[in-house]
Visitor: 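Quick one: the structure is below, and I'll ask about it shortly.
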Amino acid sequence: MYRNYIAGQWVTALSGEVFSSINPANGEIIGEVPKSGRADVERAVAAAAEAFPRWRKVPAPKRGEILYRVARKLEENKERLSQLLTREMGKVIAEARGDVQEAIDMAYFMAGEGRRLLGYTAPVELPNKFGMALRDPVGVVGVITPWNFPIAIPSWKIFPALIAGNTVVFKPASDTPILGIEFVKVFEEAGLPPGVLNIVTGPGSAVGEALITHPAVKVISFTGSTEAGRRVSELAAPGLKKVSLELGGKNAIIVMDDADLDLALDGIVWSAFGTTGQRCTACSRLIVQKGIHKTLVDRLVARVEKLRLGDGLLPTTDVGPVINRRALENIHQYVQIGVQECARLLTGGRIALEGELAKGYFYVPTVFDEVRPEMRIAQEEIFGPVLSVIEVNDLEEAIEVNNATAYGLSSSIFTENVNAAFKAIRDLSTGIVYINAGTIGAEIQFPFGGTRGTGNGHREAGQAALEVFTEWKSVYVDYSGRLQRAQIDTDTLVQI
Ligand code: NAD
């Protein structure tokens with residue numbers, strides 16, 4: 001049985017209740033974890049609040065040394081964690097290794113921040129006075145994460161929070177709690193002091209909400225659906241908390257008539273059906289210029305029909321299961337909506353029930369053609385292996401269609417025309433833009449996040465991540481020995 005980690009101790013939920021984590025490929029029970037509640041959150045927040053004054057005073061390069069150790073331990077455990085990740089979340093093993101690798105990359109990057117955490121100095125307007133801006137940690141951070149990147153997404157939040165001197169209470173998604181616990185174990189093994197990182201597993205409605213509303217929690221870093229994000233925002237507002245929200249997406253690939261079609265096809269298949277379409281950056285709309293529409297769609301359907309569904313641990317599998325039965329039903333419901341909206345179903349459109357697949361949650365990769373931009377399947381996040389093809393006349397229309405959704409995470413264009421590429425860079429209104437690559441493949445040293453309903457203006461990863469986890473402190477040192485009044489003593493002359 002797995003346990004919560006609070007104040008450096010592995011403990012059960014105070015209620016003693018547990019819930020099971022299940023392999024979505026075959027229903028196997030992987031383990032039981034605490035079904036925690038408000039009282040467990042209270043304990044964890046108290047531990048994090050108690051550890052904060054000490055942790056913030058540990059010199060940042062020393063905090064970085066612990067993170068370097070975490071990075072090395074993640075490397076040592078990469079294969080074990082990746083295998084477990086495929087079992088608990090379902091993505092194919094190569095992608096599971098990528099998930100863990102992203103955390104390793106983030107660990108090294110943020111460990112390095114221990115010797116930067118750059119502030120700045122600037123000239124001041126009065127003589128014999130010095131000014132500088134420093135980064136201060138904020139306090140206890142509540143980290144709430146989804147199941148689709150069970151190691152990578154927690155790493156985007158926990159590493160920058162810790163290097164900046166904050167302490168953390170982490171609530172992983174209820175579909176992947178064991179990976180959250182295994183991730184925290186690596187920090188323990190690397191020598192992170194007790195109380196600095198705590199984990200509490202359990203439902204969002206109980207554990208998540210208790211964390212968000214706890215007065216001692218100063219920052220909430222949340223990744224999940226837009227609907228839940230809105231609720232998080234409302235709950236955190238009375239406490240005037242810093243809230244960083246990374247939410248849904250409805251990402252598109254644009255393919256222009258002049259594109260390299262082989263390359264575009266590779267990008268489309270990878271972006272739409274990799275991780276079974278369950279990435280926030282997954283491509284769920286294909287915006288195609290009319291000259292190549294038919295050729296591209298014919299070739300795409302042929303490729304999609306060759307994708308092999310199965311357990312992600314098998315070398316023959318291209319596409320794994322979706323996360324749970326609710327997701328499977330939700331995806332199928334959207335397909336029915338697409339049919340009712342008179343989009344043309346070209347392939348897929350059903351739950352896979354052949355042989356071993358019936359034991360898990362598998363959906364046949366699906367492509368709709370003749371989709372209009374305003375249809376629900378072109379507007380709402382489906383979060384599964386369903387791609388909608390929209391035909392357009394030219395670049396201007398493609399960009400307009402791309403931008404006309406409630407989300408703004410990632411977009412991509414395939415073109416050989418440098419002018420079109422630069423117009424797209426200028427006019428695609430998403431947080432991430434790819435030229436001649438699919439909508440997925442972000443690297444951790446650049447800001448990650450989106451516009452409109454994808455978030456509330458914050459970014460994860462890169463140095464941008466530090467904005468969420470630090471407060472600016474401006475410091476003025478007056479060494480003139482007299483009262484100098486900024487903006488008032490304007491006639492102070494500098495003698496040369
Ligand atoms: P979800 O919103 O259902 O859950 C996310 C987390 O929030 C879970 O830990 C859940 O337990 C918790 N939660 C749910 N309701 C809560 C509440 N009222 N208060 C506090 N916590 C609550 O999302 P999910 O199904 O786990 O993940 C899929 C969603 O995440 C998709 O919409 C996807 O686009 C989004 N996502 C976004 C990004 C990004 O960076 N923009 C990355 C990955 C996933």
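Atoms within a ligand are numbered from 1 in the order they appear, just like the ligands themselves.
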Visitor: In plain terms, say whether Arg97 and Glu79 are close enough for a salt bridge, that is, a side-chain N and a carboxylate O under 4.0 Å apart.
Guide: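 Yes, charged N to carboxylate O under 4.0 Å.
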Visitor: Give the atoms of ligand 1, by number and element, whose distance to some non-hydrogen atom of Ile153 is under 4.0 Å.
Guide: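 By the 4.0 Å cutoff, the relevant atoms are 42 (C), 43 (C).
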Visitor: Are Lys242 and Phe469 in a cation-pi setup, meaning NZ or CZ lies under 6.0 angstrom from the ring centre and within 45 degrees of the ring axis?
Guide: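 No, Lys242 and Phe469 do not form such a contact.
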Visitor: Atom 6 (C) of ligand 1: which of Val143, Asn330, Thr145, Thr176 has the nearest heavy atom?
Guide: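 Going through Val143, Asn330, Thr145, Thr176 one by one, Thr145 has the nearest heavy atom to atom 6 (C) of ligand 1.
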Visitor: Numbering the atoms of ligand 1 from 1, which are under 4.0 Å from a heavy atom of Ile144?
Guide: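 What qualifies from ligand 1 is 6 (C), 7 (O), 9 (O), 12 (C), 21 (N).
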Visitor: Which one holds for Arg231 and ligand 1: side chain close, backbone close, both close, or neither close, with close meaning a heavy atom under 4.0 Å?
Guide: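 For Arg231, only side-chain atoms sit under 4.0 Å from ligand 1.
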Visitor: Backbone N or O of Val45 within a donor-acceptor pair of the Asn198 side chain at under 3.5 Å?
Guide: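 Not a single qualifying donor-acceptor pair exists.
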Visitor: Report the C-alpha distance between Ser410 and Thr281 in whole Å, list the side-chain angles of each, state the deciding distance to 0.1 Å, and finish with yes or no for side chain to side chain donor-acceptor pair (under 3.5 Å).
Guide: CA-CA 6 Å; Ser410 177; Thr281 51; 5.7 Å; no
Visitor: Would you mind checking which non-hydrogen protein atom is closest to atom 27 (O) of ligand 1, with the distance to 0.1 Å?
Guide: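 Of every protein heavy atom, Pro146 CB, 3.2 Å lies nearest to atom 27 (O) of ligand 1.
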Visitor: Where is the nearest protein heavy atom to atom 4 (O) of ligand 1: which residue, which atom, and how far?
Guide: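 Checking every protein heavy atom, the shortest distance to atom 4 (O) of ligand 1 gives Gly224 CA, 4.5 Å.
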Visitor: Taking the six-membered ring for Trp, are Tyr5 and Phe183 closer than 6.0 Å centroid to centroid?
Guide: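 For Tyr5 and Phe183, the ring centres are not under 6.0 Å apart.
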Visitor: Around atom 13 (N) of ligand 1, find the nearest protein heavy atom and jot down its residue, atom name and distance.
Guide: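 Looking only at protein heavy atoms, the one closest to atom 13 (N) of ligand 1 is Gly204 CA, 3.7 Å.
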Visitor: Short list, please: which atoms of ligand 1 are under 4.0 Å from a heavy atom of Gly208?
Guide: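 Near Gly208, meaning under 4.0 Å from one of its heavy atoms, ligand 1 has 20 (C), 21 (N).
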Visitor: Out of curiosity, is Phe383 lining ligand 1, as in a heavy atom under 4.0 Å away?
Guide: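 True for this residue.
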Visitor: Can you tell which part of Ile212 has a heavy atom less than 4.0 Å from ligand 1: side chain, backbone, both or neither?
Guide: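 Near ligand 1, Ile212 shows its side chain, while the N, CA, C and O stay back.
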Visitor: Taking Ile163's backbone N and O only, do any of them form a donor-acceptor pair with Arg63's side chain (distance below 3.5 Å, no angle check)?
Guide: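 Answer holds: yes.
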Visitor: Given Asn148, Thr281, Thr201, identify the one with the heavy atom nearest to atom 43 (C) of ligand 1.
Guide: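 That would be Asn148.
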Visitor: Taking atom types as modelled, is there a side-chain donor on Thr439 or Arg279 under 3.5 Å from an acceptor on the other?
Guide: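 Thr439 vs Arg279: no donor-acceptor pair found between side chains.
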Visitor: Quick one: look up the protein heavy atom nearest atom 40 (O) of ligand 1 and list residue, atom name and how far away it is.
Guide: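 Among all protein heavy atoms, the one nearest atom 40 (O) of ligand 1 is Phe448 CE2, 3.2 Å.
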Visitor: Tell me, which protein residue and heavy-atom name are nearest atom 23 (O) of ligand 1, and how many Å apart are they?
Guide: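 I find the closest protein heavy atom is Ser225 N, 3.4 Å.
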Visitor: What's the shortest distance from atom 18 (N) of ligand 1 to any protein heavy atom, and which residue and atom give it?
Guide: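 It is Glu209 OE2, 2.8 Å.
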Visitor: Less than 3.5 Å apart, any donor N or O on the side chain of Tyr334 or Glu380 sitting next to an acceptor on the other?
Guide: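 Side chains of Tyr334 and Glu380: pair found under 3.5 Å.
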Visitor: So, the side chain of Trp55 versus the backbone of Leu162: is there a donor-acceptor pair under 3.5 Å, distance only?
Guide: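 Checked: pair present.
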Visitor: Does any N or O in the side chain of Thr430 come within less than 3.5 Å of the main-chain N or O of Val433, such that one atom is a donor and the other an acceptor?
Guide: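 No, because the side chain of Thr430 does not come within donor-acceptor range (under 3.5 Å) of the backbone of Val433.
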Visitor: What is the nearest protein non-hydrogen atom to atom 15 (N) of ligand 1, stated with its residue, atom name and distance?
Guide: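 Of every protein heavy atom, Ala228 CB, 3.9 Å lies nearest to atom 15 (N) of ligand 1.
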Visitor: Do the side chains of Glu182 and Lys185 get close enough for a salt bridge, i.e. N-O under 4.0 angstrom?
Guide: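 Counted as a salt bridge, because a side-chain N and a carboxylate O are separated by less than 4.0 Å.
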Visitor: Heavy-atom contacts with Trp147 under 4.0 Å: which atoms of ligand 1 show up? List them by number with element.
Guide: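 Every atom of ligand 1 under 4.0 Å from some heavy atom of Trp147: 24 (P), 25 (O), 26 (O), 27 (O).
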Visitor: Quick test: of every protein heavy atom, which one is nearest to atom 31 (C) of ligand 1, and how far off is it to 0.1 Å?
Guide: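 The protein heavy atom lying closest is Glu381 OE1, 3.4 Å.
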